[in-house]
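One structure is given here, and the rest of the page talks about it.
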Amino acid sequence: MDTADVIALEREYVLQTYRRPEFVLVRGEGARVFDGEGRVYLDGVSGIAVNALGHRDPGIVATIRDAADGLIHVSNLYHTEPHVLLARSLVERSFADRVFFCNSGTEAVEGALKFARKYARWSFGEPKTRIVAFTGSFHGRTMGALSTTWTEKYRAPFEPLVPGVRFAPFNDPAAAEEAITDDVCAVIVEPVQGEGGVHLATTDFLEHVRAACDRAGALLIFDEVQCGLGRTGHLWAHEAYGVTPDLMTLAKPLAGGLPMGAVLMTQPVADAIGPGDHGSTFAAGPLVCQVAQAVLDRVSAPDFLAAVREKGQHLAARLSALVEASPLAREARGTGLMWGIECDVEAATIVAAGYQQGILVCNAGPHVVRLLPPLTITLAELDELVDRLLAAFEEVESRE
Ligand SMILES: *Cc1c(COP(=O)(O)O)cnc(C)c1O
């Protein structure tokens, strides 16, 4: 099929929840993807922080091949070895004592919110059902997770959502303390906000949130679906803050491009949950667990994480130079390989100009261009990405 045929079928048959550009991706290799007309794009999105090891990683490809030849799926009615090995690896490398697996980020958030509700009911008995989330947050699209997602236009058409969610201003320690009252069962926060425009929490803020949760008997949930698993140059984004949650949600890069989510939690939370309380047909299949094991082993290696930090510092310097050079770029914010550039034009304009320059970048809200390259990108490829991004800015500037 040629490009026009694919686009025509998408227009005719696919529910129109996304606006996609006018090319069709057919192949990937490392930090590059190729379209059906032979054009090459340097990938600054990684499938929204999913393809952390880039495209066609030999280790991931071999793991999928081998695992597919064994058991693909048996359901959670039965034991399998890859399931327990992966759970042990996640526990050994984190604050957590127990893991629940699911299939996406929004499901991980649903699970975490349900576990917090059950824990509060089981521990306190009294009505303690309120949830605190923050301005700028994104936690997913299903009803529960959506209730904690800040963006009004995502929520409004689907109301009524889950009641009892209170939003407090992100990075305002005093307001967070005020919001975390005794009737709160859970507080959910991204240590680095992704979709909301790449905003880093301050250490002071997270410390105050942690202390307020402890005073109120509320559980602290860190949503590391986007910022976790090495993206910031630490295995967990919260390591840089020295603040530890009670639960953590993971998904995007966890299974190398296959769908998988997880909720990590401490033993006291796990003690509140028993057989039948939650479940999933697909979750933690032996194939997806083996792929996730391969990803986790790679991204948690100290030299891999050190390389991400080094690339992050390089990217930081290059992006601050881009902001100096481009009248339309206001500020670059980020850490590791997770960056946002605040623009004076619609981010979509820069994203589209990027396609012409042979790069994939995406937006995070209307005015922020976001970069989430594969963690395996080289310094030379990062330079190329920024050079082309600068050219995209210049092209848009020349139109003004
Ligand atoms: C993407 C994202 C989600 C939702 O994940 P899905 O897999 O798309 O459901 C939740 N939280 C954060 C922080 C995310 O970035």
Side-chain angles (χ1 to χ4, degrees), residues 15 17-18 45-52 100-116 131-151 154-155 158 161-162 165 167 170-171 186-201 206 209 220-232 234 236-238 241 245 247-264 280 282-284 288 291-292 295 333-340 361-365 368 370-373 375:
L15 188 67
T17 55
Y18 283 88
V45 180
S46 324
I48 320 184
V50 167
N51 306 102
F100 174 84
F101 291 105
C102 53
N103 311 287
S104 67
T106 200
E107 275 185 57
V109 170
E110 294 291 330
L113 296 175
K114 284 180 70 177
F115 300 152
I131 295 161
V132 171
F134 294 95
T135 57
S137 62
F138 182 89
H139 299 297
R141 303 281 202 161
T142 53
M143 289 293 188
L146 185 59
S147 307
T148 63
T149 289
W150 168 246
T151 311
Y154 294 163
R155 279 188 284 118
F158 307 105
L161 299 175
V162 173
V165 177
F167 288 99
F170 186 67
N171 270 345
V187 176
I188 183 162
V189 59
E190 296 157 86
V192 183
Q193 289 187 336
E195 307 292 323
V198 190
H199 293 278
L200 283 76
L206 291 186
V209 168
L220 178 56
I221 304 167
F222 280 166
D223 183 349
E224 296 218 11
V225 165
Q226 189 162 154
C227 61
L229 285 160
R231 178 61 47 193
T232 64
H234 303 275
W236 315 120
H238 67 260
Y241 294 95
L247 299 108
M248 174 167 69
T249 53
L250 300 177
K252 289 186 167 97
L254 181 54
L258 300 182
M260 182 179 233
V263 187
L264 277 61
S280 165
F282 279 123
V288 80
V291 180
V295 171
R333 295 185 292 265
T335 180
L337 291 175
M338 180 171 182
W339 283 82
V361 295
C362 63
N363 70 309
V368 176
R370 182 170 37 154
L371 299 181
L372 299 161
L375 304 182

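When a ligand or atom number is given, it counts from 1 through the structure's own listing order.
Among all protein heavy atoms, the one lying closest to atom 9 (O) of ligand 1 is Thr106 N, 2.8 Å.
The distance criterion of under 3.5 Å between nitrogen or oxygen atoms is met by Gly105 with respect to ligand 1. For a threshold of 3.5 Å applied to N or O pairs, the pair formed by Asp223 and ligand 1 contains at least one separation below that value. Taking only nitrogen or oxygen atoms, main chain and side chain alike, Glu195 does not reach within less than 3.5 Å of ligand 1.
Rounding to the nearest 0.5 angstrom, the gap separating the CZ atom in Phe134 from the NE2 atom in His139 is 8.5 Å. How far CD1 of Ile48 is from CD of Glu195: 6.0 Å, rounded to the nearest 0.5 Å.
Using a 4.0 Å cut-off between heavy atoms, Glu190 contacts ligand 1 through its side chain alone, with no backbone atom that close. The part of Lys252 lying near ligand 1 is the side chain, judged by heavy-atom distances below 4.0 Å.
For ligand 1, the atoms sitting less than 4.0 Å from at least one non-hydrogen atom of His139 are 10 (C), 11 (N), numbered in the order shown with element in parentheses. Within ligand 1, counting atoms from 1 as listed, the ones closer than 4.0 Å to a heavy atom of Gln226 are 15 (O). The ligand atoms of ligand 1 that sit less than 4.0 angstrom from a heavy atom of Ser104 are 7 (O), 9 (O).
Relative ring orientation between Phe222 and His238 is described as tilted, the plane-to-plane angle lying within the 30° to 60° band.
Around the CZ atom of Phe282, the shell of radius 6.0 Å holds no more than 12 heavy atoms that belong to other residues, nucleotides or ligands.
Pairing each heavy atom of Ala237 with each of Pro191, the nearest pair is CB-CB, 4.1 Å.
For the residue pair Thr335 / Thr232, no side-chain donor-acceptor distance below 3.5 Å is found, with atom types taken as modelled.
In summary, of the residues considered (Gln193, Glu190, Arg370), a side-chain hydrogen bond (donor to acceptor under 3.5 Å, both in side chains) with Gln226 occurs for Arg370 alone.
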